[in-house]
Amino acid sequence: LNLDFFVALLSSSGRKHQGSFTDVELSQLHQVSLHFKLEFPEQTFPLAHIQSELLTAFKFHQPKPSKLQRDVAAALTRIGWNHAFEFVTREGLSLDMAQPETM
């Protein structure tokens, strides 16, 4: 990832669209903020000023797995690949499927 590109993109989005983000978009931006912190721990997230809104949206957003995601999970279970469905990591990242015991 290129830090300068990432910061420019998020900064621009935040300035232009801050008041028009839906709850789902705010929830997704929370995930982006977590990724940003993991990738660039010394940097300040460009949308840090709305971090509490992002977290609130994420906490209230219920995952809506697609049929494809459910079908893939079922196929993996059939072949013996044990996994957790809609797993949230210690850092707060939401994963469609994961093997927590290997993390």
Side-chain angles (χ1 to χ4, degrees):
L1 286 176
N2 181 308
L3 175 63
D4 295 333
F5 174 75
F6 206 83
V7 169
L9 178 66
L10 287 169
S11 297
S12 173
S13 295
R15 281 192 304 276
K16 291 180 183 175
H17 305 289
Q18 182 176 339
S20 63
F21 289 128
T22 67
D23 286 343
V24 171
E25 291 165 340
L26 290 171
S27 178
Q28 292 295 312
L29 284 169
H30 174 69
Q31 297 271 4
V32 171
S33 75
L34 294 173
H35 179 74
F36 186 92
K37 289 175 189 175
L38 292 171
E39 288 290 324
F40 311 110
E42 303 299 319
Q43 302 296 320
T44 300
F45 182 61
L47 301 177
H49 60 286
I50 60 169
Q51 191 68 49
S52 63
E53 290 176 61
L54 303 180
L55 180 58
T56 299
F58 178 76
K59 286 181 177 180
F60 288 106
H61 178 73
Q62 295 297 314
K64 294 182 180 140
S66 67
K67 180 179 181 324
L68 176 60
Q69 182 183 338
R70 289 188 304 276
D71 290 348
V72 168
L76 292 172
T77 298
R78 282 193 303 275
I79 64 169
W81 195 75
N82 296 327
H83 60 282
F85 192 72
E86 292 296 332
F87 180 76
V88 178
T89 68
R90 284 186 304 270
E91 298 83 8
L93 293 170
S94 176
L95 306 175
D96 291 345
M97 289 168 251
Q99 289 184 306
E101 63 278 0
T102 65
M103 300 174 88

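Note that this is a predicted model, so its numbers are computed, not measured.
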What pair of heavy atoms forms the shortest contact from Ser94 to Gln31, and how long is it?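 That would be CB-NE2, 2.8 Å.
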
Between Arg70 and Pro65, which heavy-atom pair has the shortest distance, and what is it?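 Scanning both residues, the minimum pair turns out to be NH1-O, 2.5 Å.
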
Short side-chain to backbone donor-acceptor contact, [X] and [Y], under 3.5 Å:
X: Ser33; Y: His30; value: yes
X: Ser27; Y: Asp23; value: no
X: Gln99; Y: Asn82; value: yes

Which ILVMFWY residues can you reach from Val24 by hopping between side chains whose heavy atoms are under 4.5 Å apart?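 So far as hydrophobic clustering goes, Val24 is joined with none.
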
How long is the gap from [atom1] on [X] to [atom2] on [Y], to the nearest 0.5 Å?
X: Glu25; Y: Leu54; atom1: CD; atom2: CG; answer: 11.5 Å
X: Gln28; Y: Leu26; atom1: CD; atom2: CG; answer: 10.5 Å
X: Gln51; Y: Lys37; atom1: CD; atom2: NZ; answer: 4.0 Å
X: Leu47; Y: Phe36; atom1: CG; atom2: CZ; answer: 9.5 Å
X: Glu42; Y: Leu3; atom1: CD; atom2: CG; answer: 11.5 Å

Among Phe87, Trp81, Phe85, which one satisfies ring pair (Phe, Tyr, Trp, His ring centres under 6.0 Å) with His83? Trp81

Hydrophobic clusters here meaning ILVMFWY residues chained together by side-chain heavy-atom distances under 4.5 Å, can you tell me if Phe60 and Phe21 are in one? no

Can you find a pair of side-chain heavy atoms, one from His35 and one from Val32, that are under 4.5 Å apart?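 SC-SC contact between His35 and Val32 ruled out.
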
Quick one: are Leu34 and Phe58 in side-chain contact, heavy atoms under 4.5 Å? no

For Lys64, check salt bridge (charged side-chain N to carboxylate O under 4.0 Å, His left out) against everything at least two apart and list the hits. none

